[in-house]
> 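Please read through the structure below; I'll follow up with questions.
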Amino acid sequence: MRMILNSESSQKLGSLEPGTRGEIVGFGVAEDHLDFLIRLNEVGFVVGEQVEVLGRAPLGQDPISIRVKDAVYALRRDDANLVLVQVMGNS
Amino acid sequence: MKSRIALVGTPNAGKTALFNALTHSHQRVANYSGVTVESAEADFFLPGGDALSLVDLPGAYSLRPYTEDENVLADALKGTSFAGMILVVDATQPERAIRFLLEVLDSTDSPAVIALNMSDLAEKRGFEFDMVQFAALMGVPVIPTAATRKKGLPELLGALEISLKNQKRRRSAFFPAPAESVPATRVSERVLEFYKRADQLLKRIMVRKGFPDERSRKIDRVILHPVAGPLILILVLGIVFQLMFNLAQFPMDLIDTGFSWLQGLVQNSGLSVGVKSFLSDGVIAGVGGTLVFLPQILILYALILFLEDFGFMSRAVFMLDHLMGKVGLHGRSFLPLLSSYACNVPGIMSARTIESKADRVITTLIIPLTTCSARIPVYGLLISAFIPNTEVFLGLKLQGLVMLGLYATGIFFAFLMGGIFKRFLFQGRRPPLLIELPSYKRPSMRSLLRGILYRIKLFSKRVGTVILSVTVVIWFLLSYPQDGGAVASGIEHSYAAQIGQWIEPLLRPIGFDWRIAMALIPTFAAREVMVGTLSTVYSIEGGAAVSDVEKLSMILKQEWSVATGMSLLVWFIFAPMCVSTLATARRELKSTRYMILMLVYLFALAYLGSYLAYRAFS
């Protein structure tokens, strides 16, 4: 897939600590997950968009809650790792 | 026929609230993605007096279907069955709103009006829109509304009336692309291209962006707190079940007393013996035995609706996903499973919101193992007959503990079977989770009430049709053939007994005699009928009316061995004794094979479990 835009300083969304903000810079390879990737696009996870990791679920530290646009979504960390983020700082 | 108007919107935009405000039907509103499991339809009137019919379609993020719910919407809009549309979007989520609107407007051509809902909340949070520009860019009227406060509704209906007459739109068919014809990467590119366009429009429409929802964030700090969060979840579930049993007790006693009084009235009337028996043992016993746990169903539903409306349910999914993943389930399975404790049928229907086929199938397959309220009367009867109510520990009574144990066994096997199905039926990667954590909202008591009334309507319909006819048929099978005027005391010659005796050899290894076999037959229509049937069997056999459960449990204690009682208890945990559940599973999964799998594995568990219980207590 063409969408990999992995600049050196980008990190996987699932690996970020709660409170971290960043800008989406690309997406990981998701051959068996294309449908899901499109759904992520549809709810607002697109390149250039700002995201913030709000928190982790109490049991097992997974899934995580992420603010994007005006909404908050829960994603498993594995799945969130599809999203590559350029960290912009902590709140 | 009245023209139909489609109510289309994004999840949590207040679509169902708008439906409730515009019409006079009983449909619930909920703050949970995709809770409109069946589209409701009701009449409403335009200012000019024309009557139209409004159809509440499931909410969707996009027209490219990702969940079964969105499939329903996409299919509905493809046809030409709607004369017009009301598009409902959340003013506090303008980006999503614009995208959704563009997508729907691009791919349809029927007249439309836009309800920019929750505009009161948006205003409070500082959002400002150029409404003239908004309508001009969308090409259809845009009306700010606040459905829960009934604001903007006359304007919306007025705009709809004019649009239905004058509006001409063309389908530009830009989006969505059918998934089969375009490679997925291209779809993704189109999505991005499309969103660029939406964002450009938004810049021209939104004058000022509002503040983020700080209040929800604060509530989340407590509800999703690492320590407090799980404790609150356990507490909430505990309170839900406590209320379900305790609050329901009084109305249940009342219903019970009412029906006993009716039976007494019939018994003392001047009617002939046959008619008396029909009314008292057939109709009143059957209908009363079912109606009696309506309070429990309603209380559980009211609480679930309240929690959904508030926004708690998606948080519960968020917290439980990891845990449920350990047994092969998806976080989203939580709500269907919880609803199933009232009744399995709506539980299975709400499994539609689960995106992946595998998770939907597994959830549906294990739902019958949750203790639906139809089992409670049977459990109650058998426990009071065969479990001594001794104190075990610190005031905990054995009967209560056994009841709890039955619930626990059910959910334990649900999880166990979920894990097994996952392992053997659906291998491979766990399907992704993507669930919105919507803003918290104050639950509207009005829509709660409507939700409850809707349930009462559904339930009464079931009692009036299925349950009533089954009871009458059972009464007939039990009372005939007759020789002479009086009801024959020889119930062993009845048709039902003949059927029971015919099945008995199959059920003897698990300790059931022909009477139980006979009483089990009608439970396929409705489990709860078991209690009524047993009381009919023993009233007719004993020649005296067995009206209340206490008397019946005394009789069972004398007639059955403890081993048989235990075996029957176990049977009711597992056995797939509800035709509606099986039929719903087949319809929802569009598969007879899964239904047969459900039937077979549940029967196998029931037979094996009952056999072991019977052996252990013999």
Side-chain angles (χ1 to χ4, degrees), chain A residues 1-5 13-14 18-19 21 24 26-83 91, chain B residues 12 61-62 64 66-67 90 92-97 99 103 127 179 183-185 187-189 191-192 195-196 199 209-210 212-213 216-217 220-221 224-231 233 314-315 317-323 325-326 331 355 428-439:
Chain A
M1 235 174 101
R2 192 181 57 81
M3 271 193 292
I4 311 161
L5 249 156
L13 180 58
R21 288 169 199 236
I24 298 176
F27 297 92
V29 184
E31 292 308 336
D32 53 340
H33 261 63
L34 229 34
D35 237 24
F36 178 62
L37 196 58
I38 295 168
R39 174 45 43 120
L40 280 178
N41 288 166
E42 282 171 346
V43 299
F45 291 87
V46 290
V47 171
E49 196 59 57
Q50 291 188 18
V51 290
E52 179 184 354
V53 178
L54 295 181
R56 292 177 176 163
L59 307 163
Q61 303 295 298
D62 200 26
I64 55 177
S65 57
I66 302 152
R67 180 201 297 283
V68 61
K69 297 271 186 201
D70 308 305
V72 179
Y73 296 95
L75 282 177
R76 290 195 199 112
R77 281 157 77 180
D78 255 7
D79 301 329
N81 280 339
L82 277 176
V83 182
S91 58
Chain B
N12 303 311
Y61 291 107
S62 115
R64 195 188 56 87
Y66 185 64
T67 65
D90 180 352
T92 67
Q93 297 191 315
E95 280 103 341
R96 173 186 299 170
R99 289 172 179 190
E103 194 186 334
F127 284 95
T185 44
V187 177
S188 185
E189 275 168 37
V191 172
L192 294 177
Y195 286 175
K196 238 179 246 164
D199 284 350
K209 191 172 161 53
D213 181 11
S216 289
R217 212 167 161 174
D220 270 342
R221 275 201 199 110
L224 302 179
H225 185 272
V227 183
L231 289 178
L233 181 62
S314 43
R315 269 78 183 180
V317 170
F318 177 61
M319 283 194 274
L320 288 171
D321 181 69
H322 187 73
L323 217 61
K326 297 230 186 264
E355 301 92 339
R429 230 192 106 113
R430 200 172 169 212
L433 169 91
L434 175 66
I435 182 170
E436 188 178 355
L437 306 179
S439 291

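We name chains A, B, ... by the order of the sequence lines, and we start the count at 1 in each one. No hydrogens, no waters, no symmetry mates; every other heavy atom, side chains included, goes into these values.
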> If I take atom CZ from residue A:Arg76 and atom CD1 from residue B:Ile435, how far apart are they, to the nearest 0.5 angstrom?
10.5 Å
> Restricting to non-hydrogen atoms, name the atom on A:Phe36 and the atom on B:Leu434 that form the minimum distance, rounded to 0.1 Å.
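The answer is CE1-CB, 3.9 Å.
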> Quick one: which of A:Val72, A:Asp78, A:Leu40, A:Leu75 has the most heavy-atom pairs under 4.5 Å with chain B, could you say?
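Between A:Val72, A:Asp78, A:Leu40, A:Leu75, the count favours A:Val72.
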> So how far is it from B:Glu95 CD to A:Asp70 CG, rounded to the nearest 0.5 Å?
4.5 Å
> Of all heavy-atom pairs between A:Val46 and B:Tyr195, which one has the smallest distance, and what is that distance?
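Looking at all heavy atoms of both residues, the closest pair is CG1-CD1, 4.1 Å.
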> Quick one: NE2 on B:His322 to CG on A:Leu59, what's the gap to the nearest 0.5 Å?
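Nearest 0.5 Å value for the NE2-CG distance: 8.0 Å.
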> Heavy-atom cut-off 4.5 Å, strictly under: side chain, backbone, both or neither for B:Lys209 against chain A?
side chain
> Tell me, side chain or backbone of A:Arg56 under 4.5 Å from chain B's heavy atoms, or both, or neither?
backbone
> May I ask you to test the A:Arg39-B:Pro432 pair for a side-chain heavy-atom distance under 4.5 Å?
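They are not in contact (no side-chain heavy atoms under 4.5 Å apart), so the answer is no.
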> Does any backbone or side-chain atom of B:Thr92 lie under 4.5 Å from a heavy atom of chain A? Answer side chain, backbone, both or neither.
backbone
> Mind checking the NZ-CZ spacing from A:Lys69 to B:Arg99? Nearest 0.5 Å is all I need.
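Nearest 0.5 Å value for the NZ-CZ distance: 4.5 Å.
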> Can you tell which part of A:Ile64 gets under 4.5 Å to a heavy atom of chain B, answering side chain, backbone, both or neither?
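The backbone, not the side chain.
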